[in-house]
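Chain letters run A, B, ... following the sequence lines, proteins first and then strands; every chain starts at 1.
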Amino acid sequence: MAVEASDGPVTFKKSSASKSNQLHSEMKNSDSYDDGQSNRKTSDVPASNGQSSSSLNGKASAIESSVDISKESNLKTYTKSSPSANSKFPSLGNKNESLLEKKIPKCDDFEDEEDNTPLSDIRMKMNNDNDKKATPNALKKSYEDSDDDDIPLSARLPHNTNLGESSSNYDDSDKQETASKLSVKRPLDEIGSLHSSGKKPKLSDPGSSINAKQISVRSDAKVEEEDDDDIPISRKKNKVVKLMDKSSSSKKLTNVAKVNKGAAPSFKKKEKLKKSGNESEHSQSTKLQLSSGDGQKKWTTLVHNGIIFPPPYKPHGVKILYKGKPVTLTPEQEEVATLFAVMRDTEYMEKEIFKDNFWNDWRELLGENHVIQNLKDCDFTPIYDWCQIEKDKKKQMSLEEKKALREEKMKQEEKYMWAIVDGVKEKVGNFRAEPPGLFRGRGVHPKMGKVKRRIRPNDVVINIGKDAPIPECPIPGESWAEITHDDTVTWLAKWRDPIKPNKLKMVSLAASSSWKGQSDKEKYEKARMLKSYIGNIRAAYTKGFTSKDITKQQIAVATYFIDKLALRAGNEKDDEEADTVGCCTLKVENVTAEGHNKLKFDFLGKDSIKYENTVEVEPPVYKAILKFQKDKQPGDDLFDKLDTSKLNAHLKELMPNLTAKVFRTFNASFTLDDMLNKETKDGVVAEKTAVYQHANKQVAIICNHQRSVSKNHSTQISKLNEKIDELQAVLKELKIDLDRARKEKPPLKRSSDGKNKRNLNPEAIGKKIAQISAKIEKMQRDIHTKEDLKTVALGTSKINYLDPRITVSWCKRHEVPIEKIYTKTLLEKFAWAMDVDPDFRI
DNA sequence: CTGGAGACTTGGGACAATGCTG
DNA sequence: CAGCATTGTCCCAAGTCTCCAG
């Protein structure tokens with residue numbers, strides 16, 4: 001059911017020459033684009049993090065105020081920052097700067113442009129399962145540059161899955177209606193409070209008496225030297241808050257948090273700040289720098305406690321049977337046997353490679369002359385049963401016991417959970433060494449079943465500040481492999497993966513940390529930047545489709561696929577891994593020409609997830625593919641002149657720092673932004689979140705984020721259906737009662753049990769009917785979405801691809817509490833995005 | 001220019017916590 | 001208020017991309 005390709009996706013109106021300037025202004029426009037809403041800005045939207053602008057004192061406040069100053073004087077900040085912006089990244093620095101100017105011209109801008117946009121270009125082509133509702137009126141293109149350029153092609157070309165899409169035309173009407181709404185304050189505020197109060201309890205960190213000292217020293221220094229310029233604000237903010245927590249001001253902070261939670265009095269202040277200063281977001285993104293550039297210093301002081309190891313193996317003494325006879329094993333042998341035993345009812349047991357690999361490794365442990373000579377004659381049932389019993393025991397434990405156990409664990413781990421980076425306490429991501437296990441690769445993995453041996457301190461390299469105390473090795477008598485003080489990297493510890501010795505496992509900070517937040521933000525800024533380059537990029541590759549130079553031609557087609565289908569780059573892989581492909585590694589047989597310019601893609605991508613999609617492509621692309629396939633055998637590379645480094649090198653010529661993966665981010669975030677703005681209607685929160693979910697789903701489909709259907713999916717569906725039937729019967733009866741009640745007759749006896757019902761008045765019955773109808777409707781919706789989403793995983797895109805600022809600003813505009821969209825951890829992860837301006841657009 | 005090492009992001013599924021309902 | 005479904009987190013595998021030596 002491939003959909004016809006949106007006609008000439010690449011109709012470029014603008015000469016590609018004048019490029020970047022233009023692009024910039026376009027981008028600016030897009031920022032403020034939200035017609036007629038500018039006044040909104042003045043009114044509301046607190047600086048989100050209840051933290052940032054609230055009570056301040058002491059040193060912390062000094063830092064904070066420097067932040068605020070930059071907020072207030074946008075212009076100053078901008079001029080200051082743009083020249084200093086990383087030269088590799090020319091436009092990012094000032095991208096937002098003209099917010100003030102921009103506002104005005106923009107309307108005309110796009111009105112002009114819309115005229116010369118061919119409708120055919122605008123048309124969004126996705127056939128839709130069920131919601132064709134999008135209103136196709138005002139065929140107005142809402143984006144600054146009316147060329148289709150900004151529409152990710154993938155948005156126009158759906159997968160041929162049953163999950164269609166909606167909306168036909170670019171339609172401004174939604175925007176207008178949204179414009180009338182004022183943004184919400186409450187939810188954001190809650191976040192703020194959530195944060196400040198959330199972190200507080202943990203501060204009593206044990207393992208850092210030294211640390212405390214360092215922190216305060218550091219914070220003093222900060223106040224004086226910190227020149228705002230080399231530290232992203234997002235990060236600074238964190239600092240402020242956290243430092244405050246530590247200091248005496250923490251009490252005050254908590255109070256504020258509390259207040260915030262209630263009504264929202266603390267807003268007053270923020271609003272004022274906003275008014276005079278305006279858009280903290282902008283000053284913030286002005287600061288953006290590419291700190292990820294390597295070889296660069298990432299920290300000055302780094303303190304942490306290393307990592308924790310799983311407890312040593314406790315032998316259980318249960319014997320396996322070999323040819324029916326019990327065999328005694330050494331603890332080491334038994335441990336591995338147990339790892340195998342517990343896999344009994346997984347599908348791995350049917351895989352020969354798995355068993356072979358396991359046997360090879362286990363046999364080595366058993367030794368040449370062991371009684372056990374093959375796996376076939378081994379019966380692991382006794383161990384399996386023993387494990388089941390242990391599991392049950394655990395389950396049976398009382399609540400208190402479980403709690404005690406958990407607390408015990410917490411106590412042991414607490415000190416590993418935190419690191420102090422440049423005086424700021426940050427959560428550590430994975431501070432636990434991976435326990436031994438059997439390697440479970442995905443897909444057909446040549447190494448599945450191999451024994452992943454235990455990691456010991458001796459495998460682990462610790463990276464830590466020069467002046468920081470070296471973490472004590474948690475296993476007595478052993479020691480770390482090495483201590484380094486490398487301030488150009490962000491990992492705290494690393495070791496070699498025993499399964500793939502040339503792969504490293506690294507311990508770094510959690511997703512909520514400022515390091516991660518910072519690079520996350522950079523990632524999205526890059527995607528935004530692509531928005532203004534995409535027109536030229538598309539023009540360039542369209543030209544390349546017919547290039548005589550075969551390498552150039554392949555680059556063009558590959559880029560087209562990456563843009564249009566959001567394919568991954570596709571690095572080379574060796575034979576020791578599952579056989580999967582990405583764009584550059586597509587094999588001849590992965591793409592089939594089906595006539596009428598339709599190409600069928602069928603391959604295993606990352607994690608051996610199947611990608612199946614049939615799309616209509618540009619005729620020259622179709623021809624090119626036929627040409628690339630000519631004289632090749634299945635198994636040969638489709639793009640034989642290409643690899644990811646060549647591709648990325650080429651992309652970098654088109655836009656600074658552009659790489660293949662940016663297209664996925666761009667596609668995803670753009671689609672979200674676009675759909676949210678087109679489809680959000682007035683209504684209750686649940687309806688709006690459904691719109692969000694729908695957009696989220698489209699993105700997941702574009703990115704091919706799948707999940708396996710839960711095993712009881714069908715049971716659950718039929719259960720719901722049953723319930724609906726029941727309710728419908730009740731409804732029917734109620735309607736009869738209503739009729740009778742109106743005629744002042746008593747209700748009939750209840751059909752189910754024949755008992756009398758209460759004699760209710762018509763209003764009451766009417767109310768009941770409404771209630772039940774609503775319930776039925778809800779259940780029907782539930783069934784629908786469940787069915788709809790049974791194979792689609794929404795989480796991945798939410799976590800990795802959707803610019804949280806789009807989400808947050810949408811929530812603000814539509815009074816949707818952010819908690820409806822983000823879980824607690826995601827709120828933490830996206831803390832850097834919470835004070836975005838409600839007008840933010842990608 | 002190439003291949004491998006290293007650093008960091010993205011991915012699905014297992015499992016634990018939480019929520020809901022009879 | 002137990003028992004189960006749902007949701008949220010953790011785990012660790014599998015990608016991308018950069019850098020550097022030869």
Side-chain angles (χ1 to χ4, degrees), chain A residues 292-296 298 346-347 391 394-395 399 402-403 406 429-435 437 439-443 445 447-448 452 455 461 463 486 488-491 494 496-497 499-511 515-516 519-520 522-523 562 568-574 576-578 580-585 604-609 643-649 651-652 657-665 668 700 703-708 710 712-713 715-716 719-720 723 782 786 791-801 822-829:
Chain A
S292 49
D294 309 57
Q296 275 175 28
K298 303 270 182 16
T346 69
E347 54 192 39
K391 225 182 190 174
K394 233 181 211 166
K395 240 194 218 158
L399 234 55
K402 281 185 192 165
K403 205 176 154 193
R406 218 172 11 199
N430 51 328
F431 49 85
R432 281 173 272 246
E434 290 176 14
F439 177 74
R440 300 148 96 119
R442 316 231 171 105
H445 199 296
K447 294 200 169 184
M448 65 167 75
K452 192 170 77 170
I455 301 298
V461 179
N463 190 38
D486 185 350
T488 67
V489 294
T490 59
W491 52 267
K494 70 171 177 183
R496 250 164 227 297
D497 180 353
I499 296 291
K500 290 173 241 168
N502 51 355
K503 280 269 173 197
L504 295 168
K505 300 274 190 176
M506 325 216 186
V507 173
S508 52
L509 296 186
W515 275 345
K516 300 282 188 185
S519 61
D520 216 27
E522 282 162 10
K523 172 181 76 185
I562 284 171
R568 295 189 186 82
N571 284 303
E572 304 291 335
K573 301 183 74 185
D574 58 42
E576 308 277 84
E577 304 170 90
T580 62
V581 302
C583 186
C584 292
T585 41
L604 295 184
K606 181 175 177 181
D607 291 315
S608 292
I609 297 294
D643 62 40
T644 50
S645 59
K646 286 193 190 105
L647 180 70
N648 283 334
L651 293 177
K652 280 188 180 52
N657 288 303
L658 183 61
T659 62
K661 87 197 251 292
V662 181
F663 285 88
R664 271 168 83 79
T665 314
C703 295
N704 200 37
H705 291 145
Q706 300 187 23
R707 59 172 183 166
S708 50
S710 80
N712 46 9
H713 172 80
T715 353
Q716 287 166 13
K719 251 186 195 165
L720 277 171
K723 272 182 199 159
D782 285 353
K786 202 173 222 179
T791 61
V792 186
L794 301 187
T796 308
S797 49
K798 202 187 255 184
I799 294 169
N800 298 305
Y801 288 103
Y822 288 146
T823 63
K824 197 185 90 216
T825 30
L826 281 187
L827 286 173
E828 277 166 19
K829 166 170 174 158

Contact under 4.0 Å: A/S519 side-chain N or O vs B/dT9 OP1/OP2
yes
Contact check, side chains of A/R496 and A/L504, non-hydrogen atoms, under 4.5 Å
yes
Is there a side-chain contact between A/N502 and the phosphate of B/dA5, meaning an N or O under 4.0 Å from OP1 or OP2?
yes
Does A/N571 place a side-chain N or O at less than 4.0 Å from the phosphate oxygens OP1/OP2 of C/dG15?
no
Taking the nucleotide of DNA chain B with the closest heavy atom to each, which residue, A/D607 or A/R406, is nearer the 5' end?
A/D607
Between A/K824 and C/dG8, does any side-chain N or O lie under 4.0 Å from OP1 or OP2?
no
It should be established whether A/K503 places a side-chain nitrogen or oxygen under 4.0 Å from OP1 or OP2 of nucleotide B/dA7.
no
Looking at A/K573, does any N or O in its side chain come under 4.0 Å of the phosphate oxygens OP1/OP2 on C/dA14?
no
Check the distance between C/dA14's C1' and A/E576's CD and give it to me in whole angstrom.
15 Å
So, OP1 or OP2 of B/dT10: does either fall under 4.0 Å of a side-chain N or O from A/K523?
yes
Phosphate OP1/OP2 of C/dG15: any A/T580 side-chain N/O under 4.0 Å:
yes
How long is the line joining CG of A/L504 and P of C/dT18, in whole Å?
18 Å
On the nucleotide C/dA5, are OP1 or OP2 found under 4.0 Å from the side-chain N or O atoms that A/K786 carries?
no
Between A/Y801 and A/R440, which residue's closest nucleotide on DNA chain B lies nearer the 5′ terminus?
A/Y801
It should be established whether A/H445 places a side-chain nitrogen or oxygen under 4.0 Å from OP1 or OP2 of nucleotide C/dA13.
no
Can you tell me if the side-chain N/O atoms of A/K719 get under 4.0 Å from OP1 or OP2 in C/dT6?
no
Exceeds 12 heavy-atom contacts within 6.0 angstrom, atom NZ of A/K391
no
Taking 4.0 Å as the cut-off, does a side-chain nitrogen or oxygen of A/K505 come that near to OP1 or OP2 on C/dA13?
yes
Does the side chain of A/T490 get closer than 4.0 angstrom to OP1 or OP2 of B/dC8 through an N or O atom?
yes
How would you label the contact of A/K606 with the nucleic acid (heavy atoms, under 4.0 Å): base, sugar-phosphate, or nothing?
base
A/L647 vs A/I562 side-chain heavy atoms within contact, under 4.5 Å
yes
Reckon A/I609 touches a base, only the sugar-phosphate, or nothing at all at heavy-atom distances under 4.0 Å?
sugar-phosphate
Between A/D643 (side chain) and A/S645 (backbone), is there a donor-acceptor pair under 3.5 Å?
yes
Can you tell me the distance, in whole Å, between the CH2 atom of A/W491 and the C1' atom of B/dG6?
10 Å
Taking CG from A/L509 and P from B/dA7, how many angstroms apart are they, rounded to a whole number?
15 Å
Rounded to the Å, how far apart are A/F439 CZ and C/dC11 C1'?
13 Å
Can you see if the side chain of A/Q706 gets near the phosphate of B/dG11 - specifically, an N or O under 4.0 Å from OP1 or OP2?
no
